[in-house]
Amino acid sequence: MTPVRILLVDDHPVVRAGLRALLGGCPEFEVCGEAADGGAALRMVCELRPELVLMDIRMGPGMCGVETARRIGRLPAPPRVVVLSSYESDAYVVRAVEAGVAGYLLKGSPPDLLFQALRTVAAGESALSPSVVSRLMSRYRAPSAALTARETEILELIATGRSNREIGSALFISGTTVKTHLVHVYEKLGVENRTAAVRAAVDRGLIGLE
């Protein structure tokens, strides 16, 4: 049986080494390359043509896993992407799914679950950690409280102390548009100001803080 070729993407060399050793013990898989950031991942996908990309969601100051997955999806005959992350908040899960990833697993998952997820995604299906499924189901059942990807981005930037003008510049939208999004965020979270919105979003697992 021809092994499934996998590109590892993670900014921590120790994590990449561990995954390479783990997958090396399974003849179904072949690690064809490693990348430490999103830019390198895009180049190596074009060069190595892997069938799967196993990628972290946060990779230092450069391109995040969500944006990398989105750009990989725009390539001709793109490989399928599986996220392997420590984060399970909506800020990452929903955006990753919207970016087109085929799998989302937590780094605390047992090896057998990782192997099964890789087999499932390689076969053209999707694979999500049980806790990720629960989070998505909760979001589906309570759509009025669900934040859009843009609203989540704005809340994350507010949590870093940025003003509306700075947020608008970062996202290439006007300050008025930022205010409009915030009005919707306040309504959904049942709060009246920025500080309360961030606190409510963190408490509900909608965004994560450093």
Side-chain angles (χ1 to χ4, degrees), residues 3-73 75 78-123 125-136 152 156 159-160 202 205 207-210:
V4 176
R5 301 175 72 249
I6 301 175
L7 174 66
L8 303 179
V9 186
D10 196 298
D11 58 334
H12 295 102
V14 171
V15 174
R16 297 199 305 272
L19 288 171
R20 178 181 282 275
L22 182 65
L23 295 173
C26 188
E28 298 171 70
F29 307 115
E30 173 191 345
V31 176
C32 63
E34 298 179 17
D37 56 61
L42 285 170
R43 290 192 297 274
M44 296 187 76
V45 164
C46 295
E47 176 186 344
L48 301 175
R49 311 304 300 176
E51 294 161 271
L52 294 182
V53 175
L54 183 59
M55 181 166 61
D56 196 3
I57 201 79
R58 296 188 62 176
M59 295 180 287
M63 193 187 313
C64 70
V66 171
E67 181 59 26
T68 303
R70 185 177 293 115
R71 296 192 187 192
I72 288 174
L75 296 173
R80 308 199 83 202
V81 177
V82 176
V83 168
L84 185 62
S85 173
S86 300
Y87 301 94
E88 58 178 330
S89 71
D90 282 10
Y92 299 106
V93 174
V94 175
R95 287 161 59 193
V97 171
E98 290 177 345
V101 306
Y104 197 113
L105 297 177
L106 300 178
K107 285 185 174 176
S109 301
D112 286 348
L113 182 60
L114 173 62
F115 293 153
Q116 185 55 49
L118 293 175
R119 294 186 192 105
T120 299
V121 173
E125 300 177 10
S126 299
L128 300 172
S129 283
S131 62
V132 171
V133 173
S134 296
R135 184 167 295 280
L136 292 174
T152 301
E156 288 179 318
T160 66
V202 171
I207 66 171
L209 297 179
E210 294 290 344

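Heavy atoms only: backbone and side chains are in, while hydrogens, waters and symmetry mates are out.
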All N/O donor-acceptor pairs, side-chain side in residues 17-36, below 3.5 Å, sequence neighbours left out:
{"from": "R20", "atom 1": "NE", "to": "E34", "atom 2": "OE2", "distance (Å)": "2.6"}
{"from": "R20", "atom 1": "NH2", "to": "E34", "atom 2": "OE2", "distance (Å)": "3.2"}
{"from": "E28", "atom 1": "OE1", "to": "R119", "atom 2": "NE", "distance (Å)": "2.7"}
{"from": "E28", "atom 1": "OE2", "to": "R119", "atom 2": "NE", "distance (Å)": "2.9"}
{"from": "E28", "atom 1": "OE2", "to": "R119", "atom 2": "NH2", "distance (Å)": "2.8"}
{"from": "E34", "atom 1": "OE1", "to": "R16", "atom 2": "NE", "distance (Å)": "3.0"}

Measuring from atom [atom1] of [X] to atom [atom2] of [Y], what distance do you get when rounded to the nearest 0.5 angstrom?
X    : Y    : atom1 : atom2 : answer
L118 : E51  : CG    : CD    : 11.5 Å
M55  : I6   : CE    : CD1   : 13.5 Å
L128 : L105 : CG    : CG    : 8.0 Å

Does any non-hydrogen side-chain atom of [Y] lie less than 4.5 Å from one of [X]?
X   : Y    : answer
V45 : L7   : yes
P79 : L52  : no
V83 : D56  : no
V9  : L54  : no
R80 : V101 : no
T68 : M59  : yes

query: Which residues satisfy the side-chain hydrogen bond (donor to acceptor under 3.5 Å, both in side chains) test with R5, sequence neighbours excluded?
result: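 In terms of side-chain hydrogen bond (donor to acceptor under 3.5 Å, both in side chains), with neighbours along the sequence ignored, R5 is linked to no residue.
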
- prompt: Of all heavy-atom pairs between S126 and T120, which one has the smallest distance, and what is that distance?
  reply: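 Result for this residue pair: O-CG2, 3.5 Å.
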
query: For Y87 and Y104, which heavy atoms make the closest approach, and how far apart are they?
result: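 Nearest pair, atom of Y87 first, then Y104: O-OH, 2.7 Å.
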
Partners meeting side-chain contact (heavy atoms from CB on, under 4.5 Å) with S86 (sequence neighbours left out):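 Testing S86 for side-chain contact (heavy atoms from CB on, under 4.5 Å), a comparison that skips the adjacent residues, returns K107.
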
query: Would you say the side-chain atoms of S85 pair up with the backbone N or O of I57, donor to acceptor, closer than 3.5 Å?
result: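 Such a contact is absent between S85 side chain and I57 backbone.
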
message: Applying salt bridge (Lys or Arg N to Asp or Glu O under 4.0 Å) as the test, list every pair that has at least one member in residues 35-50; sequence neighbours left out.
response: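 For residues 35-50: none.
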
query: Going through the checks in order, is the side chain to side chain contact (heavy atoms under 4.5 Å, CB included) test met by S129 and L106?
result: CA-CA 7 Å; S129 283; L106 300 178; 4.1 Å; yes

